[in-house]
Amino acid sequence: MALTYIRSLRNVNFHEVIQIGGCRTFAVGGGKKKGGKGGAAGDGPKASTISKEVKASTVVGANILKDGADPKVLPDSEYPDWLWHLLDKRPALSELRRKNLESLPYDDLKRFVKLDTRARIKENNSVRAKN
């Protein structure tokens, strides 16, 4: 079966296929724009129609369900503690190398091993690419 498929591909003229399939067309415009170089007044961002009270009490746009509603914003005490540490700065590899490995906390040691392994892999790949 595979051989018949390959044989049938030998008879295809790919230049014709590319010319037919690769023909680029453009949408027809509604006519010339009147005015200067800049965009029309309607091209800019639209003002929001949602009131400030709704924006402050709900997470607008977070709904993923077809029949669902946007979730309400909860007080900070309702969210888990780890959520507030997601954006904390974590030490870089050079900073971890300067510290004593035996005194590092487990999370920093785990990060050091991960970053060091990644750096060694990149170094080995660049050496192989040069050869």
Side-chain angles (χ1 to χ4, degrees):
M1 184 168 127
L3 289 175
T4 57
Y5 179 71
I6 292 172
R7 287 181 187 143
S8 67
L9 285 179
R10 288 183 186 163
N11 298 330
V12 175
N13 187 353
F14 287 105
H15 295 291
E16 289 178 12
V17 172
I18 291 172
Q19 288 175 353
I20 294 170
C23 182
R24 185 173 186 158
T25 59
F26 297 96
V28 177
K32 275 193 159 184
K33 288 185 181 178
K34 295 185 179 180
K37 288 185 179 179
D43 290 346
K46 306 266 190 276
S48 177
T49 58
I50 301 171
S51 68
K52 289 184 180 181
E53 294 82 27
V54 173
K55 286 183 183 178
S57 63
T58 60
V59 183
V60 179
N63 178 31
I64 60 170
L65 302 175
K66 189 173 187 179
D67 297 329
D70 288 329
K72 301 287 183 199
V73 175
L74 302 174
D76 289 351
S77 60
E78 297 291 321
Y79 293 104
D81 291 333
W82 57 264
L83 181 66
W84 308 112
H85 300 291
L86 287 178
L87 297 178
D88 291 347
K89 276 288 215 186
R90 298 175 69 194
L93 179 60
S94 59
E95 193 175 322
L96 291 171
R97 282 184 175 157
R98 282 186 252 132
K99 295 181 180 179
N100 183 9
L101 292 179
E102 295 174 4
S103 64
L104 282 178
Y106 177 73
D107 291 335
D108 286 347
L109 185 62
K110 189 171 148 183
R111 180 169 170 78
F112 171 75
V113 169
K114 176 181 139 182
L115 294 177
D116 188 51
T117 304
R118 184 184 296 165
R120 280 190 286 121
I121 289 171
K122 282 186 176 183
E123 180 66 28
N124 288 340
N125 288 343
S126 68
V127 167
R128 287 182 187 167
K130 289 178 184 176
N131 292 336

Show the atom names and distances, to 0.1 Å, of all donor-acceptor pairs under 3.5 Å that link a side chain in residues 76-95 to residues at least two apart or in another chain.
| unit_1 | atom_1 | unit_2 | atom_2 | d |
| --- | --- | --- | --- | --- |
| Y79 | OH | L74 | N | 3.1 |
| H85 | ND1 | D88 | OD2 | 3.0 |

Go through the structure and list residues passing side-chain hydrogen bond (donor to acceptor under 3.5 Å, both in side chains) with R118, not counting sequence neighbours. none

According to salt bridge (charged side-chain N to carboxylate O under 4.0 Å, His left out), who are the partners of D116, at least two apart in sequence or on a separate chain? R97, R120

For L65, the hydrophobic cluster (side chain heavy atoms closer than 4.5 Å, chained through members) also holds I64

Do you know the tightest heavy-atom contact between L104 and D108? CD2-CB, 4.0 Å

The side chain to side chain contact (heavy atoms under 4.5 Å, CB included) partners of A62 (sequence neighbours excluded) come to V59, P71

